[in-house]
Amino acid sequence: MDNRSIAQLLSETADLLEISAGDPFRIRSYRRAAEAVESSTVQLSEIANDTKKLLEIPGIGKGMAANIQEMEKTGTLPLREELLAKYRVSMLDLLRLPGMGPKSVALFWEALQVASIPDLEAAIAAGKLETLPRMGAKQIEKLKKGIEEQKKNSGRFLIDEAELAAEKLIDYLRKFDGIETITPAGSLRRGRETVGDLDILATGPACAKDKVQPAVEYTASYPPIADLIAKGENKVSFRLRSGLQVDVRLLPEASYGAALQYFSGSKMHNVTVRQRALKLGYTLNEYALARLEDGSVVAGATEQEIYAALGLNWIPPELRENNGEIEAAEQHRLPTLIEQRDIRGDVHMHTDATDGKNTIREMAEAAASRGYEYIAITDHSKNLAMTFGLDDERALEHIKHIREVNDEMEGRIRIFTGIEVDILHDGQLDLSDEVLARTDVVIASVHSLFNQPEEQMTERVLRAIENPNTRILGHPTGRLLLRREGFKINLQQILRRAAELGVAVEHNAYPDRLDLCDRDLRMAKELGCKISINTDSHHTSHMEKMSYGVRQLRRAWLAKQDVLNTLPANEFLAALRPRVG
DNA sequence: GCCGTTTTCGGCCCGACTGTTTTCAGTCG
């Protein structure tokens, strides 16, 4: 069983326990364990027999270790089965509705035998809900809306959509006199690949405690608001027409650092930081870090002073996932994370020879104007027929053409020749070895392999990277961060072999194709893989998207030296597996 | 159920908003 499935079973068990009004601390343990499993870079199935190793994972104790072993053996969990004898799995859908919590789910079930969203719709239509305590007209309306929303929306938004929405809102808020600083917090600030909702913090003289009302009103009248959810003293929540929920908080300047820390999360990071504060005799909330004994404020205006007062280095938001960053900050061994400006080249690009939109020259000019030192032109091969992929003959012509443009650029940028070849069903690459041997960058891409058994797919990818011409493994997880279902490979096995062979592993920077999530990237680093980053550009403007991939690299704790593209052109090529011949 | 500079029991993060209450429970982040 993979980590994801284990984490899901644990998390479902926590939900069911909560519906059954179980011990809140026991529930938290299940949630913590689920998160620990989900973010682990080790495949639990491989260490399930080793109880000692399981216990090394923070959040996994004796009970959870036994649970994990049980899941590996039977595919389920006794406690979960026990709870499901009493409740229904479909109740978990109800739990996802806004305004619905475990208490309401339990109440609906006990009073009306409502166990699913269709049940709930029927109960509402029959007017049965009004008979229940604290179910007024507004509450019922909220549920109806929630059901509609859930039918429309999948829930999470890609980082670039969220960022665009944030920028527009920030422009609007900035126009209000006395709002001076506006910062996105939450998972957007942490650089998550998807964002559940948008948290925006604002401060300035207009946000002072007794003067904030006009700014609140101004925020609540932001024109794109589709649905105002809540409006309080210093908080406005609403939904945009896109379905994205936004929370804006207007806070006094003295609290801004505390608020930023608080609302940037993650939840588990904050819990751990606050536990630390308590241990040191402080209490931390969104307004300040204060002494427990007399409530006197120790820090609050900046994040730096809060972390410092807790004996910690400032922690970059991308690392705040309770994955060891607090211990590292305590021991002054946080990594100096990679930055956008460290990236010198983009090595996966398409042109109008296949499915790109621009010429080689246009791509080169655009990259040069961004300050890149090198790029690789890597058009598709023939197997991807719908893109007019290159066969051997056209590939050779294309290589010649790339070299010509390279000369025309007169040293303003270096252009590597390249090709993105498909892995065929037998694991062979779809161009001849003679042609492949003549290009600088051969990316063997897994994107044609779908909906096949995991073992076969893994086997084929392994065979493809054994080909001595393969220098980069492209789209290792099938560029399907959001649609992974049809694509299962044993990534750990593949990364391990790639590391042995010196084949670099590609990380795609494009927001809807962030191939390796941060956990996978961390695993790649731990296994000693060479990591190359690119935008898989089909258009000159795609290069702008590199920042998303860089944030992903940061989340994986990667520093400059961990990424090949921070090397100068010659060193980049030299760092790849040696070319044949 | 986890965890330990309160070490094998007794703790376990913190506050705001809503709706339906007339002092608060439930939900959310």
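Reminder, nothing fancy here: chain letters follow the sequence lines and each chain counts from 1.
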query = Within the structure, does a side-chain N or O atom of A:N234 lie under 4.0 Å from either OP1 or OP2 of B:dC17?
reply = yes
ask   = Considering heavy-atom distances to DNA chain B, does A:K138 or A:L79 have its closest nucleotide positioned more toward the 5' end?
value = A:L79
ask   = When you measure from the side chain of A:N3 to the backbone N and O of A:V42, does any donor-acceptor pair fall under 3.5 Å?
value = yes
Heavy-atom donor-acceptor pair, A:D2 side chain to A:Q43 backbone, under 3.5 Å = no
Atom pair distance, as rounded to whole Å: CG in A:L292 and C1' in B:dT6 = 14 Å
request  = Look at the side chain of A:N270 and the backbone N and O of A:K267, then say whether any donor-acceptor pair between them is shorter than 3.5 Å.
outcome  = no
key: Proximity to DNA chain B (any heavy atom under 4.0 Å), residues of residues 42-72 of chain A only   = A:P58, A:G59, A:I60, A:G61, A:K62, A:G63, A:M64
query = From B:dG1, B:dC17, B:dG19, pick the nucleotide closest to the side chain of A:D23?
reply = B:dG1
message = Measuring only between side-chain heavy atoms, which start at C-beta, is A:E318 closer than 4.5 Å to A:R190?
response = no
key: Candidate list A:R551, A:R156, A:Q552, test side-chain hydrogen bond (donor to acceptor under 3.5 Å, both in side chains), partner A:E193, passing option   = A:Q552
ask   = Are the side chain of A:T203 and the backbone of A:L251 linked by a donor-acceptor contact shorter than 3.5 Å?
value = yes
query = Can you find a side-chain donor-acceptor pair between A:Y30 and A:D15 that sits under 3.5 Å?
reply = no
request  = Name the closest nucleotide to the A:K279 side chain, picking from B:dT20, B:dG1, B:dT6.
outcome  = B:dT6
query = Using a cut-off of 4.0 Å between protein heavy atoms and nucleotide atoms, how would you tag nucleotides 23-29 of chain B 5' to 3' with B, S and -?
reply = --SSSSB
query = Do A:Y287 and A:Y262 make the cut of ring centroids closer than 6.0 angstrom?
reply = no
message = If the cut-off is 4.0 Å, is A:Y287 near the phosphate of B:dA16, judged by side-chain N/O to OP1 or OP2?
response = yes
